[in-house]
Amino acid sequence: MKRGHRTSKLKGAFPRFYGRHAVTAALANEQRVVRKIWGTREAIGALELPPILPIVYADVADLGKMVPSDAPHQGIVAEVEPLDDVWLGDVLEDGQDDKRPVLVLDQVTDPHNVGAILRSAAAFDALCIVTQDRHAPPESGVLARAASGALEIMPWVRVVNLARALDEIAEAGYWRIGLDGEANTDLATAIGESRVALVLGAEGEGLRHNSMAHCDILAKLPISPRMESLNVSNAAAIALYAAAIR
């Protein structure tokens with residue numbers, strides 16, 4: 001399954017990123033097409049922009065109408081094209097000689113969470129994140145803001161069938177660990193010395209049964225009994241840290 005079909009690219013409209021981190025990271029990414037910039041004279045003056053890039057000077061109030069309510073645009077908004085598809089087989093081949101973890105998200109749909117997870121994945125040097133295309137958010141200003149630039153540097157593989165993707169990950173030599181609060185094994189014990197794929201489900205529902213069936217082991221984070229669970233982005237950050245320090 002080296003190739004697949006991605007369905008989530010927006011038809012007609014283009015994402016609008018806002019805030020200095022998201023916009024400057026998009027401008028620095030050679031793979032990203034930035035179509036247009038709106039900004040205050042101060043914000044635009046602080047950027048090194050290609051001479052052919054369309055620029056529209058705008059005041060703060062006008063910029064506020066272009067982004068979600070109360071979003072911190074910091075005086076800059078960019079219209080961009082979604083990044084090209086990233087294929088799982090290509091990424092696994094690139095990582096065949098190292099032990100960077102793969103992070104798999106099972107129906108995590110909140111763009112704030114996915115953005116925060118991208119940021120943690122970049123911080124702890126994950127190989128990629130993998131999501132099911134129909135059950136993951138598209139690129140957006142909200143997601144890019146939460147990712148704080150990581151959307152531009154962390155490979156994000158969107159697949160049609162998550163179970164088949166987990167099979168391909170296993171064939172590439174990864175030990176698939178599903179995070180489940182009811183598991184009997186702690187994550188640190190489950191990680192061992194193998195290359196790992198960390199599989200996390202959505203908040204509330206957790207991992208689906210079929211995703212659990214395509215994991216090699218289920219493991220839990222050893223949190224206090226006073227708390228039932230963690231936010232999925234926090235759980236992902238802790239799991240990635242555990243994989244990084246083994």
Side-chain angles (χ1 to χ4, degrees), residues 1 4 7-8 88 100-124 126-138 140 142-143 146-147 150 154-172 174-192 194-246:
M1 194 184 71
T7 60
S8 70
L88 181 57
R100 286 177 290 168
V102 170
L103 191 63
V104 182
L105 305 181
D106 181 18
Q107 299 195 346
V108 179
T109 58
D110 185 280
H112 295 93
N113 280 332
V114 175
I117 289 169
L118 280 163
R119 186 175 184 177
S120 294
F124 292 110
L127 180 65
C128 66
I129 74 165
V130 180
T131 63
Q132 187 178 13
D133 189 57
R134 290 183 296 110
H135 298 287
S140 68
V142 172
L143 190 149
M154 175 52 52
W156 180 2
V157 180
R158 306 180 75 112
V159 300
V160 174
N161 188 301
L162 201 62
R164 285 203 299 267
L166 285 166
D167 285 341
E168 185 176 359
I169 289 168
E171 291 167 5
Y174 287 83
W175 180 245
R176 301 164 299 179
I177 304 174
L179 272 290
D180 178 32
E182 302 300 318
N184 295 319
T185 304
D186 285 346
L187 178 60
T189 302
I191 286 177
S194 301
R195 293 194 297 172
V196 296
L198 303 165
V199 189
L200 289 86
E203 288 187 64
E205 295 83 0
L207 286 176
R208 292 174 297 158
H209 178 76
N210 193 41
S211 297
M212 288 186 181
H214 284 80
C215 292
D216 299 295
I217 191 172
L218 299 179
K220 64 182 178 182
L221 298 175
I223 65 174
S224 168
R226 294 180 295 175
M227 291 301 297
E228 181 180 355
S229 63
L230 290 172
N231 173 281
V232 65
S233 64
N234 291 333
I238 293 168
L240 287 165
Y241 173 73
I245 64 169
R246 60 192 157 142

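Note that this is a predicted model, so its numbers are computed, not measured.
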Can you list the residues that meet the side-chain contact (heavy atoms from CB on, under 4.5 Å) rule with [X], with sequence neighbours excluded?
X	result
A163	N161, N210, H214
A172	L92, Y174
A219	I177, L187, A190
A236	L103, I117, L200

As an exercise, state the distance from [atom1] of [X] to [atom2] of [Y], rounded to the nearest 0.5 Å.
X	Y	atom1	atom2	result
L166	E171	CG	CD	11.0 Å
Q107	R134	CD	CZ	8.0 Å
L230	L221	CG	CG	6.5 Å
L179	K220	CG	NZ	12.0 Å

How far apart are the closest heavy atoms of [X] and [Y], and which atoms are they?
X	Y	result
H112	A146	O-CB, 3.6 Å
W156	P137	CH2-O, 3.3 Å
A197	I169	CB-CG2, 3.7 Å
V159	A165	CG2-CB, 4.0 Å
V232	G201	CG2-O, 3.4 Å
I191	A243	CD1-N, 3.7 Å

Partners meeting salt bridge (Lys or Arg N to Asp or Glu O under 4.0 Å) with R100 (sequence neighbours left out): D98
Non-neighbouring partners of R246 that pass salt bridge (Lys or Arg N to Asp or Glu O under 4.0 Å), sequence neighbours left out: none
Pair listing, salt bridge (charged side-chain N to carboxylate O under 4.0 Å, His left out) test, anchored in [range], at least two apart:
range	value
residues 232-245	none
residues 177-187	none
residues 101-118	D106-R208

Restricting to side chain to side chain donor-acceptor pair (under 3.5 Å), what partner residues turn up for [X], sequence neighbours left out?
X	value
S120	none
S140	none
R176	D216

Taking the side chain as everything from C-beta on, heavy atoms only, tell me whether [X] gets closer than 4.5 Å to [Y].
X	Y	result
L143	L118	yes
M212	L218	yes
V130	V199	no

